Amino acid sequence: DARVTQTPRHKVTEMGQEVTMRCQPILGHNTVFWYRQTMMQGLELLAYFRNRAPLDDSGMPKDRFSAEMPDATLATLKIQPSEPRDSAVYFCASGLDQVVGYNEQFFGPGTRLTVL
Amino acid sequence: KQEVTQIPAALSVPEGENLVLNCSFTDSAIYNLQWFRQDPGKGLTSLLLIQSSQREQTSGRLNASLDKSSGRSTLYIAASQPGDSATYLCAVPFSGGYNKLIFGAGTRLAVHP
């Protein structure tokens with residue numbers, strides 16, 4: 001049963017601490033997306049990787065957020081230093097981008113982050 | 001700039017009713033449209049993906065239609081059940097970048113016995 005996995009599922013931390021979220025995309029998928037969901041803003045794209053290369057991180061606050069793919073089976077999203085306004089659910093999604101126009105995305109269960 | 005709107009924002013119906021959820025988008029030059037379901041505290045589950053060349057897709061009691069020229073899609077749920085209670089979101093690719101999704105705010109559905 002192929003699915004996207006994310007760790008941790010829940011994280012509570014204090015303002016100023018570093019937070020690292022991990023994602024394992026579905027094996028064989030070549031695109032990875034990081035989204036943030038809040039009540040006020042809904043779902044927002046933070047970063048997008050294709051074949052492990054970052055293609056778009058325009059939605060990410062660059063001064064504190066960073067996203068990487070050390071290898072094809074792991075994507076990370078790091079916040080340093082964290083702030084209370086970063087509290088949200090962070091989703092990772094993966095897809096197979098080989099055919100133009102066919103880009104179904106599969107989402108992980110999310111990491112619920114609370115920054116006190 | 002692509003914008004996606006979903007109506008209604010919330011819907012409460014008795015079990016057994018047939019439902020129509022609406023999604024509209026401002027830029028009709030899309031490759032596809034995807035419908036998702038999100039249960040409280042959970043991630044998104046892909047329900048249906050309609051290619052731009054298709055007019056509809058069906059999966060069980062779900063049927064999604066796409067009218068690109070008018071910038072609309074509808075999700076039809078037949079014979080609703082309490083287990084259908086969830087938030088339903090539609091998403092279209094960002095104009096100029098077909099792998100970036102722009103999401104609507106969702107329709108929160110409650111089906112009561």
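Labels below follow one simple rule: chain letters A, B, ... track the order of the sequence lines, proteins then strands, and each chain is numbered from 1. Predicted model, so just to flag it, every value in this text is computed and none were measured.
A:V32 and A:I26 sit in two unconnected hydrophobic clusters of ILVMFWY residues. Membership requires side-chain heavy atoms under 4.5 Å apart, directly or through other members. There is a path of hydrophobic side-chain contacts, each under 4.5 Å, that joins B:V4 to B:L48. Hydrophobic clustering keeps A:L77 apart from A:Y48 (ILVMFWY residues linked when any side-chain heavy atoms are closer than 4.5 Å, directly or through intermediates). A single hydrophobic cluster is not seen to contain both A:F33 and A:L46; linkage of ILVMFWY side chains at heavy-atom distances under 4.5 Å, directly or through other members, places them apart. A single hydrophobic cluster is not seen to contain both A:V4 and A:V89; linkage of ILVMFWY side chains at heavy-atom distances under 4.5 Å, directly or through other members, places them apart.
Contacts between A:E44 and chain B at a heavy-atom distance below 4.5 Å are absent for every atom of the residue. Of the atoms belonging to B:L89, it is side-chain heavy atoms, and not backbone ones, that fall under 4.5 Å from chain A.
B:S12 meets the side chain to side chain donor-acceptor pair (under 3.5 Å) test with no other residue; sequence neighbours excluded.
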*Verify side-chain contact (heavy atoms from CB on, under 4.5 Å) between B:L101 and A:Y35, making sure each step is shown before the conclusion.*
CA-CA 10 Å; B:L101 291 181; A:Y35 293 90; 3.6 Å; yes
*Evaluate the criterion side-chain contact (heavy atoms from CB on, under 4.5 Å) for residue pair B:L44 and A:L43; output intermediate values, then yes/no.*
CA-CA 11 Å; B:L44 278 70; A:L43 268 162; 3.7 Å; yes
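Inspection of non-hydrogen atoms places A:D56, A:S58 of residues 56-73 of chain A under 4.5 Å from chain B. Residues of residues 107-114 of chain A placed with any heavy atom under 4.5 Å of a heavy atom in chain B are listed by number as A:F107, A:G108, A:P109, A:R112. Of residues 33-41 of chain B, those residues lying under 4.5 Å from chain A by any heavy-atom pair are B:Q34, B:F36, B:Q38, B:G41.
No more than 12 heavy atoms of other residues, nucleotides or ligands sit less than 6.0 Å from atom NZ of A:K11. With a 6.0 Å radius and a threshold of 12 heavy atoms from other residues, nucleotides or ligands, B:R55 has its CZ atom at or below the threshold. Counting non-hydrogen atoms of other residues, nucleotides and ligands closer than 6.0 Å to CG of A:L27 gives a total of 12 or fewer. Within a 6.0 Å radius of CD in A:E14, no more than 12 heavy atoms belonging to other residues, nucleotides or ligands are found.
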